[in-house]
Amino acid sequence: MHAGLAAVAMPAPALRAADTLDVVATTGMIADAARYILGDAGSVRALMGPGVDPHSFRQTRSDIVAMTRADLILWHGLYLEAQMEEFLLNLARSRKVVAVAEALDRERLLGHADYDGRFDPHVWMAPAIWTEVVAAIADALQSARPDLAPTFEARTQDYRATVARLHDYAQSVLATVPESARVLVTAHDAFSYFGRAYGLEVLGIQGISTESEAGLNRIRQLVDILVERGIGAVFVETSVSDRNMRALIEGAAASSHEVRIGGELYSDAMGEPGTYEGTYPGMIDHNVTTITRALGGDAPERGMDGNLAAAG
């Protein structure tokens, strides 16, 4: 059973092996939703595992084979998989390929000064938006197997209910962070949707793509902000090198201001497979709980339902 989700009352009908769906998803977040909705009606392979940066990811030969053999390929879109986009668009001429985040209303999306003509793709950071992407994932699965639509719908509603609970939990605990501490400093600008949803100012060393360079001027600028505003905690990410963050901390120390690592956040990839943090609910629960506690708010150490790994 999916960690953090209740069992679904309506089980998927028994299928012959030949009838099962073979699904490939680019990111772990997409794969997590698809895997839950699909249940035992097929299998889902995620191309990008823990610690993988989707902005720079390039498909391997085995990835190409898996996608050309799959019944359905689910990718994010919004230029997240920048190095794969041309391949995926070409593959769509011969296979069922769906960019699930492209279904979002453009009014829900954020632009970026350094990303002319494109949107910030990190929509999974806001559960209230991600639930709409989950619906698009479900639509793609139902289109592939319309005979299983009632089963997929029941499982989708269950998954989306957990995503809604994540949003409620995040609203509740992040509201306890003191006003003066509501600043989230991260390795790259992946948390803008999160900040907008929960009232935090977000400052990334790099832009929304990790392909962008973090110049010395940006690091100096952030050091000045840390010192002037007395910000005491910054956050590293599992899929981004901490080199720039260490430079930021050292720069603040040179100005006699102590800054600590508030924790490691999941930004572009989830945790290890088989763990709660290796699911979308666990990823967001971890981030919300870690940020809240590091910034002086009140959240249970083990998260929303007590499923997070113990600290240390």
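Here the structure is a predicted model, which means the values were calculated and not measured.
Cation-pi contact between Arg145 and Phe152: absent, since separation from the ring centre below 6.0 Å together with deviation from the ring axis within 45° is not met.
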Exercise for the section: Apply the test side chain to side chain contact (heavy atoms under 4.5 Å, CB included) to residues Met29 and Met283: give CA-CA distance (whole Å), side-chain angles for both, the deciding distance (0.1 Å), then the verdict. Expected result: CA-CA 9 Å; Met29 292 75 76; Met283 168 194 195; 3.9 Å; yes
Problem - Stepwise side chain to side chain contact (heavy atoms under 4.5 Å, CB included) check, Glu237 with Asp268 - result: CA-CA 8 Å; Glu237 302 172 29; Asp268 290 342; 5.5 Å; no
Exercise for the section: Output, in order, the C-alpha distance, side-chain angles, deciding distance and verdict of salt bridge (Lys or Arg N to Asp or Glu O under 4.0 Å) for Glu201 and Arg229. Expected result: CA-CA 12 Å; Glu201 181 181 357; Arg229 298 171 63 176; 2.7 Å; yes
Practice task
Test Asp305 against Arg165 for side chain to side chain contact (heavy atoms under 4.5 Å, CB included), laying out the working first.
Solution key: CA-CA 10 Å; Asp305 293 324; Arg165 287 184 58 236; 2.8 Å; yes
Practice task
Check the pair Val23, Leu38 against side chain to side chain contact (heavy atoms under 4.5 Å, CB included), reporting the backbone distance first and the verdict last.
Solution key: CA-CA 9 Å; Val23 180; Leu38 192 59; 4.1 Å; yes
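The CG atom of Leu148 lies 13.0 Å from the CD atom of Glu153; values are rounded to the nearest 0.5 Å.
Ring centers of Tyr266 and His286: under 6.0 Å apart, within the cut-off. For an aromatic pair to be called close, the ring centres must be under 6.0 Å apart, and His122 with His55 satisfies this.
For Trp130, the ring pair (Phe, Tyr, Trp, His ring centres under 6.0 Å) partners at least two apart in sequence or on another chain are Tyr280. Scanning for ring pair (Phe, Tyr, Trp, His ring centres under 6.0 Å) contacts around Tyr193 gives an empty result, with sequence neighbours left out. Taking Thr60 as the reference, Ser62, Asp63 meet the side chain to side chain donor-acceptor pair (under 3.5 Å) condition, with sequence neighbours excluded. With sequence neighbours excluded, no residue forms a side chain to side chain donor-acceptor pair (under 3.5 Å) with Thr238. With sequence neighbours excluded, the residues that form a ring pair (Phe, Tyr, Trp, His ring centres under 6.0 Å) with Tyr198 are His167, Phe194.
Cluster annotation: Leu74 is not connected to Leu89 through the hydrophobic network of ILVMFWY side chains, with a link wherever side-chain heavy atoms come within less than 4.5 Å.
For the residue pair Thr289 and Asp285, a side-chain donor N or O sits within less than 3.5 Å of a side-chain acceptor on the partner. Between the side chains of Tyr36 and Thr279, no donor N or O sits under 3.5 Å from an acceptor N or O.
The only option from Leu248, Leu203, Val185 that meets the side-chain contact (heavy atoms from CB on, under 4.5 Å) definition with Ile225 turns out to be Leu203.
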Below 3.5 Å, can you tabulate the donor-acceptor pairs from side chains in residues 66-73 to any protein atom, sequence neighbours excluded?
from, atom 1, to, atom 2, distance (Å)
Thr68, OG1, Ile64, O, 3.0
Thr68, OG1, Val65, O, 2.9
Asp71, OD2, Asp22, N, 2.7

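The shortest distance between side-chain heavy atoms of Asp32 and Trp124 does not fall below 4.5 Å. For the pair Phe191/Leu200, no side-chain contact is recorded, criterion being any heavy-atom separation below 4.5 Å from C-beta on.
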